[in-house]
Amino acid sequence: MRIASWNVNSIRQRLQPLLAFLKEAAPDALCLQETKCEDHAFPRLEIEDAGYNVAIHGQKTFNGVAILSKSPLDDVTIGLPGFDGEAQSRYIEAVVSDGAGGATRVASIYAPNGNPPDTPKYPYKLAFMEALTRHAAALLRLEESVVLAGDYNVIPAPGDVYEPSAWMGDALFLPQTRAAFQRLLNLGYADALRATTDAPGLYTFWDYQAGAWQKNKGLRIDHLLLSPRAADRLARVDIAKAMRAGDKPSDHVAIYADLAAA
DNA sequence: ATGACTTATTAAATAAGA
(Lines give C-alpha, C1' and ligand atoms only; values in the text may rest on other atoms or scores of the structure.)
Protein backbone atom coordinates (compact mmCIF):
# COMPACT_ATOMS: atom_id res chain seq x y z
CA MET A 1 0.00 0.00 0.00
CA ARG A 2 1.08 3.55 -0.70
CA ILE A 3 1.13 6.11 2.14
CA ALA A 4 1.83 9.76 1.38
CA SER A 5 2.31 13.02 3.26
CA TRP A 6 1.93 16.57 1.98
CA ASN A 7 1.90 20.00 3.56
CA VAL A 8 -0.59 21.69 1.22
CA ASN A 9 -0.38 25.24 2.64
CA SER A 10 -4.18 25.77 2.45
CA ILE A 11 -6.40 22.93 1.23
CA ARG A 12 -8.76 25.37 -0.46
CA GLN A 13 -5.96 26.96 -2.51
CA ARG A 14 -4.57 23.52 -3.39
CA LEU A 15 -7.66 21.54 -4.37
CA GLN A 16 -6.76 21.11 -8.06
CA PRO A 17 -3.14 19.96 -7.45
CA LEU A 18 -4.49 17.71 -4.69
CA LEU A 19 -7.01 16.00 -6.96
CA ALA A 20 -4.31 15.62 -9.61
CA PHE A 21 -2.00 13.94 -7.08
CA LEU A 22 -4.76 11.58 -5.93
CA LYS A 23 -5.36 10.57 -9.54
CA GLU A 24 -1.71 10.24 -10.59
CA ALA A 25 -0.05 8.77 -7.49
CA ALA A 26 -3.22 7.07 -6.21
CA PRO A 27 -2.03 6.81 -2.58
CA ASP A 28 -4.05 4.49 -0.35
CA ALA A 29 -3.69 7.09 2.40
CA LEU A 30 -2.61 10.73 2.24
CA CYS A 31 -1.73 12.79 5.32
CA LEU A 32 -2.24 16.52 4.89
CA GLN A 33 -0.85 19.40 6.93
CA GLU A 34 -1.58 23.13 7.06
CA THR A 35 -5.09 22.75 5.70
CA LYS A 36 -5.79 26.20 7.20
CA CYS A 37 -9.56 25.96 7.41
CA GLU A 38 -12.26 24.96 9.83
CA ASP A 39 -13.92 21.58 9.33
CA HIS A 40 -17.10 23.06 7.82
CA ALA A 41 -15.02 24.75 5.09
CA PHE A 42 -13.04 21.62 4.17
CA PRO A 43 -13.69 20.53 0.54
CA ARG A 44 -14.94 17.13 1.69
CA LEU A 45 -17.35 16.46 -1.20
CA GLU A 46 -14.75 16.99 -3.92
CA ILE A 47 -12.37 14.61 -2.16
CA GLU A 48 -15.05 11.99 -1.51
CA ASP A 49 -15.98 12.18 -5.18
CA ALA A 50 -12.37 11.23 -5.93
CA GLY A 51 -12.86 8.04 -3.93
CA TYR A 52 -11.42 8.97 -0.54
CA ASN A 53 -12.71 8.94 3.01
CA VAL A 54 -11.75 11.92 5.15
CA ALA A 55 -10.79 12.51 8.79
CA ILE A 56 -10.19 16.16 9.71
CA HIS A 57 -8.73 18.13 12.59
CA GLY A 58 -9.10 21.70 11.34
CA GLN A 59 -8.53 25.16 12.71
CA LYS A 60 -9.26 28.66 11.51
CA THR A 61 -6.41 30.35 9.58
CA PHE A 62 -3.51 28.27 10.93
CA ASN A 63 -2.36 24.66 11.16
CA GLY A 64 -4.96 21.97 10.47
CA VAL A 65 -4.31 18.30 9.62
CA ALA A 66 -6.28 15.59 7.84
CA ILE A 67 -6.03 12.00 6.63
CA LEU A 68 -7.54 10.88 3.33
CA SER A 69 -7.94 7.14 2.77
CA LYS A 70 -9.41 4.85 0.15
CA SER A 71 -10.47 2.51 2.94
CA PRO A 72 -12.64 3.60 5.86
CA LEU A 73 -10.78 5.33 8.70
CA ASP A 74 -11.04 3.49 12.01
CA ASP A 75 -10.06 4.35 15.58
CA VAL A 76 -9.58 8.07 14.79
CA THR A 77 -7.61 10.09 17.39
CA ILE A 78 -7.95 13.89 17.27
CA GLY A 79 -5.05 15.78 18.82
CA LEU A 80 -1.72 14.53 20.17
CA PRO A 81 -2.38 12.46 23.30
CA GLY A 82 -0.71 13.92 26.37
CA PHE A 83 0.02 17.32 24.87
CA ASP A 84 -1.45 20.42 26.47
CA GLY A 85 -1.31 22.52 23.32
CA GLU A 86 -4.55 21.14 21.96
CA ALA A 87 -5.53 24.67 20.93
CA GLN A 88 -3.43 24.15 17.80
CA SER A 89 -4.59 21.47 15.36
CA ARG A 90 -1.39 19.59 14.67
CA TYR A 91 -2.11 15.87 15.04
CA ILE A 92 -4.61 13.30 13.81
CA GLU A 93 -4.27 9.52 13.76
CA ALA A 94 -6.35 6.70 12.31
CA VAL A 95 -6.16 3.07 11.25
CA VAL A 96 -6.48 2.31 7.54
CA SER A 97 -6.96 -1.07 5.88
CA ASP A 98 -4.70 -2.28 3.09
CA GLY A 99 -7.52 -4.28 1.54
CA ALA A 100 -5.74 -7.61 2.09
CA GLY A 101 -6.79 -8.09 5.70
CA GLY A 102 -3.91 -6.00 7.03
CA ALA A 103 -4.11 -2.60 8.68
CA THR A 104 -1.71 0.28 9.24
CA ARG A 105 -1.96 3.01 11.87
CA VAL A 106 -1.26 6.36 10.23
CA ALA A 107 -0.64 9.76 11.84
CA SER A 108 -0.65 13.15 10.13
CA ILE A 109 1.68 15.48 12.04
CA TYR A 110 2.35 19.20 11.72
CA ALA A 111 5.12 19.95 14.19
CA PRO A 112 5.66 23.58 15.23
CA ASN A 113 8.19 25.65 13.30
CA GLY A 114 9.75 27.08 16.47
CA ASN A 115 11.24 30.28 15.08
CA PRO A 116 12.52 32.59 16.39
CA PRO A 117 14.36 30.28 18.84
CA ASP A 118 14.69 32.96 21.55
CA THR A 119 10.91 33.17 21.96
CA PRO A 120 8.37 30.82 23.62
CA LYS A 121 7.81 29.30 20.18
CA TYR A 122 10.98 27.22 20.51
CA PRO A 123 10.21 25.54 23.85
CA TYR A 124 6.72 24.91 22.46
CA LYS A 125 8.29 23.08 19.52
CA LEU A 126 10.46 20.98 21.84
CA ALA A 127 7.51 20.21 24.12
CA PHE A 128 5.52 18.99 21.13
CA MET A 129 8.40 16.75 20.05
CA GLU A 130 8.70 15.36 23.56
CA ALA A 131 4.98 14.54 23.73
CA LEU A 132 5.14 13.03 20.25
CA THR A 133 8.05 10.84 21.34
CA ARG A 134 6.12 9.60 24.40
CA HIS A 135 3.09 8.79 22.26
CA ALA A 136 5.23 7.15 19.56
CA ALA A 137 6.74 4.91 22.25
CA ALA A 138 3.26 3.90 23.40
CA LEU A 139 2.28 3.05 19.82
CA LEU A 140 5.30 0.76 19.44
CA ARG A 141 4.04 -1.35 22.32
CA LEU A 142 0.97 -2.20 20.20
CA GLU A 143 3.34 -3.93 17.74
CA GLU A 144 1.36 -2.63 14.78
CA SER A 145 2.39 -1.37 11.38
CA VAL A 146 2.66 2.40 12.08
CA VAL A 147 3.53 5.32 9.82
CA LEU A 148 4.12 8.69 11.52
CA ALA A 149 3.89 11.05 8.55
CA GLY A 150 4.14 14.76 8.33
CA ASP A 151 5.90 18.08 8.36
CA TYR A 152 8.29 17.71 11.29
CA ASN A 153 9.96 21.08 10.70
CA VAL A 154 13.25 19.29 11.36
CA ILE A 155 16.28 19.19 9.06
CA PRO A 156 17.82 15.93 10.30
CA ALA A 157 21.35 16.30 8.91
CA PRO A 158 23.61 18.68 6.93
CA GLY A 159 22.89 16.77 3.70
CA ASP A 160 19.23 17.69 4.08
CA VAL A 161 19.72 21.44 3.51
CA TYR A 162 21.27 23.38 0.63
CA GLU A 163 23.62 25.43 2.81
CA PRO A 164 23.98 24.05 6.35
CA SER A 165 26.03 27.00 7.61
CA ALA A 166 23.17 29.39 6.85
CA TRP A 167 20.78 27.35 9.02
CA MET A 168 22.92 26.68 12.10
CA GLY A 169 20.90 28.96 14.39
CA ASP A 170 17.49 28.16 12.92
CA ALA A 171 14.86 26.30 14.95
CA LEU A 172 14.67 23.66 12.19
CA PHE A 173 18.36 22.77 12.48
CA LEU A 174 19.51 23.58 16.01
CA PRO A 175 21.30 20.71 17.79
CA GLN A 176 18.45 20.39 20.32
CA THR A 177 15.96 20.07 17.44
CA ARG A 178 17.95 17.38 15.68
CA ALA A 179 18.47 15.57 18.97
CA ALA A 180 14.72 15.56 19.61
CA PHE A 181 14.12 14.01 16.18
CA GLN A 182 16.89 11.48 16.78
CA ARG A 183 15.26 10.43 20.08
CA LEU A 184 12.12 9.61 18.10
CA LEU A 185 14.14 7.43 15.73
CA ASN A 186 15.99 5.85 18.64
CA LEU A 187 12.72 4.38 19.88
CA GLY A 188 12.87 2.07 16.87
CA TYR A 189 11.35 4.07 14.02
CA ALA A 190 12.98 4.22 10.60
CA ASP A 191 13.24 7.43 8.57
CA ALA A 192 11.77 5.88 5.41
CA LEU A 193 13.77 7.94 2.94
CA ARG A 194 17.05 7.22 4.75
CA ALA A 195 16.20 3.53 4.76
CA THR A 196 16.46 3.64 0.96
CA THR A 197 19.25 6.12 0.18
CA ASP A 198 22.13 8.13 1.69
CA ALA A 199 22.05 10.69 -1.12
CA PRO A 200 22.18 14.35 -0.02
CA GLY A 201 20.05 17.07 -1.58
CA LEU A 202 16.71 15.26 -1.50
CA TYR A 203 14.37 18.07 -0.51
CA THR A 204 10.65 18.36 0.25
CA PHE A 205 10.41 22.16 0.69
CA TRP A 206 11.55 25.17 -1.30
CA ASP A 207 10.69 28.67 -0.06
CA TYR A 208 8.47 30.84 -2.24
CA GLN A 209 10.94 33.69 -1.86
CA ALA A 210 14.08 34.70 -3.70
CA GLY A 211 13.88 32.01 -6.39
CA ALA A 212 14.60 29.20 -3.93
CA TRP A 213 13.01 26.59 -6.23
CA GLN A 214 14.88 27.77 -9.34
CA LYS A 215 18.17 27.71 -7.39
CA ASN A 216 17.30 24.38 -5.72
CA LYS A 217 17.71 25.93 -2.28
CA GLY A 218 15.61 23.33 -0.50
CA LEU A 219 15.13 21.55 2.82
CA ARG A 220 14.15 17.99 3.74
CA ILE A 221 11.66 18.52 6.57
CA ASP A 222 8.74 16.23 5.65
CA HIS A 223 9.30 12.70 6.89
CA LEU A 224 7.71 9.26 7.06
CA LEU A 225 8.69 7.37 10.21
CA LEU A 226 8.05 3.64 10.14
CA SER A 227 7.57 1.26 13.02
CA PRO A 228 9.54 -2.01 12.68
CA ARG A 229 6.51 -3.83 11.28
CA ALA A 230 6.06 -1.13 8.63
CA ALA A 231 9.78 -0.84 7.90
CA ASP A 232 9.96 -4.58 7.23
CA ARG A 233 7.48 -4.02 4.39
CA LEU A 234 9.14 -0.94 2.86
CA ALA A 235 9.59 -1.33 -0.88
CA ARG A 236 10.08 2.21 -2.20
CA VAL A 237 10.13 5.88 -1.22
CA ASP A 238 9.63 8.79 -3.60
CA ILE A 239 9.40 12.56 -3.41
CA ALA A 240 6.88 14.11 -5.80
CA LYS A 241 9.29 16.87 -6.75
CA ALA A 242 7.49 17.80 -9.99
CA MET A 243 4.60 19.20 -7.93
CA ARG A 244 6.75 22.20 -7.01
CA ALA A 245 6.93 23.28 -10.67
CA GLY A 246 3.16 23.10 -11.22
CA ASP A 247 0.54 25.84 -11.19
CA LYS A 248 -0.06 27.47 -7.80
CA PRO A 249 2.22 25.03 -5.96
CA SER A 250 2.52 24.56 -2.24
CA ASP A 251 5.99 25.35 -0.96
CA HIS A 252 6.16 21.68 0.12
CA VAL A 253 5.86 18.60 -2.12
CA ALA A 254 4.46 15.19 -1.23
CA ILE A 255 6.60 12.27 -0.07
CA TYR A 256 5.29 8.71 -0.22
CA ALA A 257 6.27 5.17 0.67
CA ASP A 258 5.12 1.88 -0.79
CA LEU A 259 4.68 -0.95 1.70
CA ALA A 260 4.49 -4.55 0.47
CA ALA A 261 1.52 -6.66 1.54
CA ALA A 262 1.83 -7.77 5.16
C1' DA B 1 18.83 42.72 4.04
C1' DT B 2 13.94 43.31 9.82
C1' DG B 3 13.78 41.82 2.30
C1' DA B 4 12.24 38.66 -1.27
C1' DC B 5 6.39 35.17 -1.75
C1' DT B 6 1.99 33.13 -0.37
C1' DT B 7 -1.84 32.64 2.64
C1' DA B 8 -5.80 34.15 5.82
C1' DT B 9 -8.17 37.74 7.81
C1' DT B 10 -10.08 41.60 6.55
C1' DA B 11 -10.71 45.74 3.61
C1' DA B 12 -4.94 48.32 3.67
C1' DA B 13 -2.44 46.37 6.67
C1' DT B 14 -0.79 42.58 9.64
C1' DA B 15 0.85 38.00 10.99
C1' DA B 16 2.84 33.57 10.06
C1' DG B 17 5.38 30.53 7.65
C1' DA B 18 10.54 28.16 7.22
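Every chain is numbered from 1, with letters handed out A, B, ... down the list of sequences.
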Problem - A/Ser10 side-chain N/O to B/dT7 phosphate OP1/OP2 under 4.0 Å - result: no
Exercise for the section: Give a yes or no on whether the backbone of A/Gly64 and the side-chain of A/Ser89 come within a donor-acceptor separation of less than 3.5 Å. Expected result: no
Practice task
Tell me what A/Tyr110 touches on the nucleic acid: a base, only sugar-phosphate, or nothing, going by heavy atoms under 4.0 Å.
Solution key: sugar-phosphate
Exercise for the section: Examine B/dA18: is either OP1 or OP2 under 4.0 Å from a nitrogen or oxygen in the side chain of A/Asn113? Give yes or no. Expected result: yes
Problem - Residue pairs, two or more places apart or on separate chains, that pass salt bridge (charged side-chain N to carboxylate O under 4.0 Å, His left out) and touch residues 168-187 of chain A - result: none
Exercise for the section: Identify, residue by residue, the members of residues 209-225 of chain A with a heavy atom below 4.0 Å from DNA chain B, and return them in order of residue number, or none. Expected result: A/Gln209, A/Ala210, A/Leu219, A/Ile221
Completion exercise
A/Gln59 CD to B/dT9 P, in whole Å, measures 11 Å
Exercise for the section: Could you tell me whether A/Asp151 contacts a base, only the sugar-phosphate backbone, or nothing, with contacts defined as non-hydrogen atoms closer than 4.0 Å? Expected result: sugar-phosphate
Completion exercise
Residues of residues 37-45 of chain A with a heavy atom under 4.0 Å from any atom of DNA chain B, listed by number, are none
Exercise for the section: Nearest whole angstrom, please: distance from the P of B/dT9 to the CD of A/Gln13. Expected result: 10 Å
Problem - Distance, C1' atom - from B/dA11 to B/dA15, rounded to whole angstrom - result: 16 Å
Exercise for the section: Over all heavy atoms of both residues, which pair between A/Pro81 and A/Tyr91 is shortest? Give the atoms and the distance, please. Expected result: CD-CE2, 4.1 Å
Exercise for the section: Grab the CZ-P distance between A/Arg90 and B/dA18 for me, whole Å please. Expected result: 8 Å
Exercise for the section: Would you kindly compare A/Lys121 and A/Arg12 by the position of their nearest DNA chain B nucleotide and give the one closer to the 5′ end? Expected result: A/Arg12
Practice task
Please name all residues satisfying side chain to side chain contact (heavy atoms under 4.5 Å, CB included) with A/Ala257, sequence neighbours left out, ordered by chain then number.
Solution key: A/Leu224, A/Leu234, A/Val237
Problem - Residue mapping more 5' on DNA chain B - nearest nucleotide basis, A/Asn9 or A/Phe62 - result: A/Asn9
Fill in the blank from the handout: So salt bridge (charged side-chain N to carboxylate O under 4.0 Å, His left out) across residues 52-74 of chain A, not counting sequence neighbours, yields none
Exercise for the section: Kindly say if A/His252 contacts the phosphate of B/dG17, meaning a side-chain N or O under 4.0 Å from OP1 or OP2. Expected result: no
Practice task
Would you mind listing every side chain to side chain donor-acceptor pair (under 3.5 Å) that reaches into residues 11-31 of chain A, with sequence neighbours excluded?
Solution key: A/Gln13-A/Lys248
Problem - Rounded P spacing from B/dA16 to B/dA1 in Å - result: 25 Å
Completion exercise
Smallest heavy-atom separation, A/Trp167 atom then A/Phe173 atom, equals O-CB, 3.3 Å
Practice task
Sequence neighbours left out, what passes side chain to side chain contact (heavy atoms under 4.5 Å, CB included) with A/Leu142? Give chain and number order.
Solution key: A/Arg105, A/Leu139, A/Glu144
Practice task
Mind calculating the distance between CG (A/Leu15) and P (B/dT7) to the nearest angstrom?
Solution key: 14 Å
Handout entry: Partner set under ring-ring contact (aromatic ring centres under 6.0 Å, His included) for A/Tyr110, not counting sequence neighbours
Key = none
Completion exercise
Connected to A/Phe62, directly or through other members, by ILVMFWY side-chain contacts below 4.5 Å are none
Practice task
Can you tell me the distance, in whole Å, between the CD atom of A/Glu34 and the P atom of B/dT6?
Solution key: 15 Å
Problem - salt bridge (charged side-chain N to carboxylate O under 4.0 Å, His left out) against A/Asp238, all qualifying residues, sequence neighbours excluded - result: A/Arg236
Exercise for the section: Would you kindly give the OH-to-C1' distance between A/Tyr208 and B/dA15, to the nearest whole Å? Expected result: 16 Å
Exercise for the section: Determine, step by step, whether A/Val65 and A/Leu32 satisfy the side-chain contact (heavy atoms from CB on, under 4.5 Å) criterion, reporting the C-alpha distance in whole Å, the side-chain angles of both residues, the deciding distance to 0.1 Å, and the verdict. Expected result: CA-CA 5 Å; A/Val65 287; A/Leu32 300 175; over 6 Å; no
Handout entry: Side-chain hydrophobic cluster, 4.5 Å single linkage: members besides A/Leu174
Key = A/Tyr122, A/Leu126
Exercise for the section: Let me know the distance between CG of A/Asp118 and C1' of B/dT2, rounded to the nearest Å. Expected result: 13 Å
Handout entry: Gap in Å between the two P atoms, one belonging to B/dA13 and one to B/dT2, rounded
Key = 23 Å
Handout entry: Selection: residues 153-173 of chain A, any non-hydrogen atom under 4.0 Å of DNA chain B
Key = A/Asn153, A/Leu172
Handout entry: Rounded distance (Å) that lies between atom C1' of B/dG3 and atom CG of A/Asp207
Key = 12 Å
